[in-house]
Amino acid sequence: MTVTVLDKTYSPKSIEQKHYQHWEANNWFAPSGIGESYCIMIPPPNVTGSLHMGHAFQDTIMDLLIRYNRMCGKNTLWQPGTDHAGIATQMVVERQLNAENKTRHDLGRDQFIERVWQWKAESGGTITNQLRRMGASPDWTRERFTMDEGLSDAVKEVFVQLHDKGLIYRGKRLVNWDPVLHTAVSDLEVLSQEENGKLWHLRYPLSDDSGYLVVATTRPETMLGDTAVAVHPQDERYNHLIGQSINLPLVNRKIPIIADEYVDPEFGSGCVKITPAHDFNDYEVGLRHALPKLNVFDDNAAINLPDTPYHGLDRYDARKKVVQDLESLDLLDAVQDHKLMVPRGDRTGAVIEPYLTDQWFVKIEPLAIQAIKAVEQEQIRFVPDNWRNTYFEWMNNIQDWCISRQIWWGHRIPAWYDEEGNIYVARSEQEALAQAKDKLGYEPSLHQDNDVLDTWFSSALWPFSTLGWPEQTDELKTFYPTNVLVTGFDIIFFWVARMIMFGIEFADDIPFHEVYIHGLVRDADGQKMSKSKGNVLDPLDLIDGISLDDLVAKRTQGMMQPHLAEKIEKATRRQYPDGIPAFGTDALRFTFTSLATQGRDIRFDLGRIEGNRNFCNKLWNATRYVLMNVESQRMGLEHDNLDFSVCDQWIIGRTQEVTQKCHDHVQSYRFDLLAQTVYQFVWDDYCSWYLELSKAVLNSDDTAESIKAGTRHTLINVLDTILKLLHPIMPFITEEIWQGIKPHLRECGQTIMLESYPTADTDKIDQRASDEIAWVQAVITAVRTIRAEMDIEPRKLLPVLLQNHSNVDEQRLKAHGYLVESVGRIQSIELLNEDQQAPESATGLVGNMKILLPLGALIDKNEELARLAREISKLRKELDKVQAKLNNNNFIERAPETVVKKEHSRAEELKAAIAQLEQQKSKVESIA
RNA sequence: GGGUGCUUAGCUCAGCUGGGAGAGCGACGGCCUUACAAGCCGUAGGUCGCAGGUUCGAUCCCUGCAGCACCCACCA
């Protein structure tokens, strides 16, 4: 028999990658093709991205679900891939070009796009390789990219179908314009934040020279585009002026005074300048009153009014000049400080400009109606379910979706124009030409729309485009709808809602049955992790460890605000004086699992991951013990002629309970409880008790050989179950250990990842064994407590006396005394009758049975009296509470009988215990 | 302005349909006990945010208040 040698200390580095390569090389991540299907679509990370804590958390949960379901025998697919991330990727490559003193315009569109593809080929694999380090098990052979040919076909198909259904339109609308990127962005890509600004009160002279109106504005430069002044129709100060007009200063245009409910008479002067081309509210007012929309900006948000002195000025320079000029005309009434919400682009941070341009839109309401219904009728369930409300809130107020972007990297809009400006939406240029020929009777020359689609447009198709849609593939039939989407709340609107809408519309079904929403990973102080705060933790650094100097360098390099570097360095050196040790992937995954409570943000504390690394070590060493015992037997492990001790029966029963709980917790998405359940079972039940008890069994000369064989069998098989229960959380260490114990298992395959997840056999739950072991534990614990409190050497073997014992106690002692003696480090246990005089002792209670430790000269009388008094007072307090309940007639009459009965028996127990301790107290007191 | 969530031990958090307050970490005391000092044994810590209500009984259900966090929103 060869002896498996495990190192004394668990070292994650040496075991992780070899298993991963083996798994992937064997194609074990691919669907089995057998059984009920189970599918998760990975939220495709940006191809430019690198793994951050949020990914690592999310991927841990997905992989856990995938491995669990795979082990449960499902036909399991985890579909991987990346997103082309239009704006982000274009920015990365443009930055490279900038370094070469070039712009994308120097290259031209085709060459630029080629350059992006080249970049993708070289650098696009970063995040997928990092995913492998996390132990993730998606089917890499099916990896997709949103710009792949197939997925691009799906995009065109959806666009054309939407257009044919009248759900896509093009038009000049006010959109959010990013003047740095020179593109429109959607509402969701605009983040408003409060900033300090000013409120300028401007005097607008009335055309009849009878005075002026004061209008308040935060953006005086837009007055160049004013086309009206509005007042509230019921505002008595002004309503006589409605229908009259203003001479707009600086540009000398005559504009009307109109009445509109939108105006709040309480705010400012009660008069509002209306600039339909540069403000969303004013745009609406303009539509109601058929006002002209006068655009005064260009693509850079500089003034575009050739005949004025403002032409070419940036909006902020124009603001200064406008204010100055008005002031010199004595038309500046007042300026006050004012806090306002400033819209900024989520990518660039540039102030977003409402800008009038031609854009493509999806008419969203008809799609939203079905998508709302799917959640209302619980075809799709959110976990936790309060996210339903968030979803409904947005869906019920949804705006048409601006899907065109004025960038180059992305899916080009499949629309072509002829010389006359007719639009042909088609899957290809040939198709467009055919349409044009039909319409015009001749073949015109066409040019394609220059815009590309919002990246989220293709992401919205991900659940079915990756499975081959629009082809009706087998994969689509098998895996669509998918089972669960695992994602963060931040993209419910961006992505989740749109997948639901498009899935129902184009794949004829919801894209997934459940949406598991996880929290945001924050640092130990609850702060969001960000480069500028310098508090970012890299999951790979937690896995591999990192020296302090490297960590500092990483956190302070390439900062947008270099002046923060010093502060960050100081904080980092204080927080991680020794850098970060290597905790390994399994400890990291276990930590994420245990932090996955329902829906709230999680704080990532290094203390947690350290504790879980220790848990790995515990498991590792428990295995060493088990193998030591099993392999020291010349015969190895027998599978027949086994008898099981009460310890075996107990731990086997517990294993069933724990197994059942694991299933329940995974299925209810309570991963925190899953982790906690296994952790406690392994550490407390299996290691602290069962392993210790097994030493007593295996080392006793009185134990039958068949019992010892049964113990060894149980040691190995419970460990086997534990490893399988843990595998979805901690794939590497469980595989490593399992390979070590495999020779002792009766039947098994090549890898733990394809073993069956344990199932609970409730017939094996043995209440009697459980009671017996509880008794053994209680006696041992009582002895330990006395020992510790009386300050007795832990190693010293002590004699123990039992008094006031029942028949059951006697039987148990007879059967299990050797366990108590061995684990409790007890020399001997003797039963005393009531009338027998006990020597000077310290006392503990197990039920009504008194545990006496005769200490002779060792006993400190006062200390023992104090101990007893403490104990008695604790029990008295309990008893008082119970008595109060029982004295309450209402309780007796109205509470359910079982509850009353329980309280009665509790009172009896407490009374008896107190009596025992009182008796003991007077005995000790009587000692001279 | 609207909405959601949170408030339980020093810290981070569990607590299932209302019926004896839990875990991890930390603290304290004792131990290198033949798997593990990344360990073992034991101990102490809580008017469950505040005020009401329902109930025989509330950490749990209802109302109000306070504080914190986040999301959405067009007050110039």
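Values below: every heavy atom of this structure, side chains too, minus hydrogens, waters and symmetry copies. Naming: A, B, ... by sequence-line order, numbering from 1 per chain.
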query: Within 45° of the ring axis of A/Tyr679 and under 6.0 Å from its six-membered ring centre, is that where the NZ or CZ of A/Lys618 lies?
result: no
Residue-phosphate contact under 4.0 Å: A/Lys796 side-chain N/O, B/C41 OP1/OP2: no
message: Nearest to the A/Ser688 side chain among B/U4, B/A76, B/C41, which nucleotide is it?
response: B/C41
query: If only side-chain N and O atoms of A/Trp620 are considered, is one of them under 4.0 Å from the OP1 or OP2 phosphate oxygen of B/G39?
result: no
- prompt: When all nucleic acid strands are considered with a 4.0 Å heavy-atom cut-off, which category describes A/Val882: base, sugar-phosphate, or nothing?
  reply: nothing
statement: note: A/Glu871, atom CD; B/U43, atom P; distance rounded to Å ~ 9 Å
- request: Indicate yes or no: does A/Glu878 engage A/Arg906 in a salt bridge with an N to O separation below 4.0 Å.
  value: yes
field: Length of the line joining A/Phe267:CZ and B/C75:P, which is rounded to integer Å
entry: 10 Å
query: A/Glu393 has a side chain; which of B/G42, B/G2, B/U4 sits nearest to it?
result: B/G2
task: Assign A/Tyr10 to base, sugar-phosphate, or nothing according to its heavy-atom contacts below 4.0 angstrom with the strands shown.
output: base
task: Give the rounded distance in Å between these two atoms: CZ of A/Arg608 and P of B/G26.
output: 12 Å
message: Taking pairing as Watson-Crick or G-U wobble with both contacts under 3.5 Å, can you name the mate of B/C40, or confirm there isn't one?
response: B/G30
- prompt: Any side-chain N or O of A/Arg670 less than 4.0 Å from the OP1 or OP2 oxygen of B/G15?
  reply: yes
- request: Could you please name the option among B/A21, B/A23, B/C72 that lies closest to any side-chain atom of A/Gln680?
  value: B/A23
- prompt: Distance check: side-chain N/O of A/Asn614 vs OP1/OP2 of B/G39, anything under 4.0 Å?
  reply: yes
message: Does B/A14 have its OP1 or OP2 closer than 4.0 Å to a side-chain nitrogen or oxygen of A/Thr597?
response: yes
- prompt: B/C32 and B/G67: how far apart are their C1' atoms, nearest whole angstrom?
  reply: 49 Å
No-hydrogen, no-angle side-chain donor-acceptor test under 3.5 Å, A/Asp264 and A/His232: no
query: Heavy atoms under 4.0 Å, any strand shown: does A/Asp264 hit a base, just sugar-phosphate, or nothing?
result: base
- prompt: Counting side-chain heavy atoms from C-beta on, which of B/A35, B/A76, B/A23 comes nearest to A/Thr217?
  reply: B/A76
- prompt: Regarding A/Ser186 and A/Glu189, is there a side-chain donor-to-acceptor distance under 3.5 Å anywhere?
  reply: yes
query: Between B/A76 and A/His201, is there an OP1 or OP2 to side-chain N/O distance shorter than 4.0 Å?
result: no
message: Measuring only the C1' atom in each nucleotide, how far is B/G52 from B/A66? A whole number of Å is fine.
response: 15 Å
- prompt: Of the candidate nucleotides B/G42, B/A76, B/G19, which contains the atom at the shortest distance from the side chain of A/Val899?
  reply: B/G19
A/Thr222-A/Lys273 side chain donor-acceptor pair, cut-off 3.5 Å: yes
task: May I ask you to say what A/Glu893 touches in the nucleic acid, namely base, sugar-phosphate or nothing, with a heavy-atom cut-off under 4.0 Å?
output: nothing
message: We want to know whether A/Gln676 and A/His665 form a side-chain donor-acceptor pair, criterion being a heavy-atom distance below 3.5 angstrom.
response: no
query: For A/Leu875 and B/G20, what is the distance between atoms CG and C1' respectively, to the nearest whole Å?
result: 13 Å
statement: Using Watson-Crick geometry (N1-N3 plus N6-O4 or O6-N4) or G-U wobble (N1-O2, O6-N3), each under 3.5 Å, B/C25 is paired with B/G10
message: Does the structure show a Watson-Crick or G-U wobble partner for B/C61, both distances under 3.5 Å? Name it, or say none.
response: B/G53
- prompt: Among the nucleotides B/G20, B/A35, B/C70, which one has an atom lying closest to any side-chain atom of A/Arg522?
  reply: B/C70
message: What's A/Arg613 touching, base or sugar-phosphate or nothing? Going by heavy atoms closer than 4.0 Å.
response: base
- request: Tell me what A/His665 touches on the nucleic acid: a base, only sugar-phosphate, or nothing, going by heavy atoms under 4.0 Å.
  value: nothing
- prompt: How far does the C1' atom of B/U63 sit from the matching atom of B/A23, given to the nearest Å?
  reply: 33 Å
query: Pick the nucleotide of RNA chain B nearest each of A/Leu673 and A/Glu789; which residue has the one closer to the 5' end?
result: A/Leu673
message: Please name the nucleotide paired to B/C48 by Watson-Crick or G-U wobble geometry with both distances under 3.5 Å, or report none.
response: none
Salt-bridge present (A/Arg388, A/Glu393; N to O < 4.0 Å): no
- request: Would you classify A/Leu691 as touching base, sugar-phosphate or nothing, given that sugar-phosphate means primed atoms plus P, OP1 and OP2, and contacts are heavy atoms under 4.0 Å?
  value: base
- request: Grab the CG-C1' distance between A/Asp791 and B/G42 for me, whole Å please.
  value: 11 Å
- request: Kindly say whether, by distance alone, the side chain of A/Arg906 makes a donor-acceptor pair under 3.5 Å with the base of B/G20?
  value: yes
- prompt: Over how many whole Å does the gap from A/Glu610 atom CD to B/G39 atom P extend?
  reply: 9 Å
- request: Name the closest nucleotide to the A/Asp672 side chain, picking from B/C36, B/G3, B/A14.
  value: B/A14
field: Lys/Arg-Asp/Glu bridge criterion (N-O < 4.0 Å) met for A/Glu353, A/Arg315
entry: yes
query: How far, in whole Å, is B/A37 from B/G22 if one measures between their C1' atoms?
result: 27 Å
Distance between C1' atoms of B/C25 and B/C74 (Å, rounded): 48 Å
query: Which base sits across from B/G1 as a Watson-Crick or G-U pair, both distances under 3.5 Å?
result: B/C72
query: Should B/G18 form a Watson-Crick or G-U wobble pair with both distances under 3.5 Å, which nucleotide is its partner?
result: none
- prompt: Side-chain donor-acceptor pair under 3.5 Å between A/Asp672 and A/Ser594, yes or no?
  reply: no
- prompt: When you measure from the side chain of A/Ala622, which nucleotide among B/A35, B/G42, B/U33 comes out closest?
  reply: B/A35
query: How is A/Phe280 classified with respect to the nucleic acid when contacts are heavy atoms under 4.0 Å: base, sugar-phosphate, or nothing?
result: nothing
task: Just label B/G45 as syn or anti from its O4'-C1'-N9-C4 or O4'-C1'-N1-C2 angle, using within 90° of 0 for syn.
output: syn
statement: Separation of B/G30 atom P from A/Arg795 atom CZ, nearest Å, is 17 Å
message: So A/Glu284, base contact, sugar-phosphate only, or nothing? Heavy-atom distance under 4.0 Å.
response: nothing
message: Using a 4.0 Å heavy-atom cut-off, does A/Lys695 contact any base of the nucleic acid, only the sugar-phosphate backbone, or nothing at all?
response: base
query: Under 4.0 angstrom, heavy atoms only, what part of the nucleic acid is A/Thr390 near: base, sugar-phosphate, or nothing?
result: nothing
- prompt: Taking N and O atoms by type only, does the side chain of A/Glu692 place a donor or acceptor under 3.5 Å from a partner on the base of B/A35?
  reply: yes
message: From the set B/A21, B/A76, B/A14, return the single nucleotide nearest to any side-chain atom of A/Gln676.
response: B/A14
query: From the list B/A76, B/G42, B/C70, which nucleotide is the closest neighbour of the side chain of A/Phe489?
result: B/C70
query: Taking only N and O in the side chain of A/Arg603, is any of them less than 4.0 Å away from OP1 or OP2 of B/U12?
result: yes
message: Categorize A/Trp683 for me: base, sugar-phosphate, or nothing, with a 4.0 angstrom heavy-atom threshold over every strand shown.
response: sugar-phosphate
- prompt: How close or far is atom P of B/C36 from atom CG of A/Leu719, stated in whole angstroms?
  reply: 16 Å
- request: Assess whether side chain to side chain donor-acceptor pair (under 3.5 Å) is satisfied between A/Asn176 and A/Asp187, documenting all intermediate values.
  value: CA-CA 7 Å; A/Asn176 299 296; A/Asp187 300 345; 3.1 Å; yes
task: Would you mind classifying the nucleic acid contact of A/Cys616 as base, sugar-phosphate or nothing, using non-hydrogen atoms under 4.0 angstrom?
output: nothing
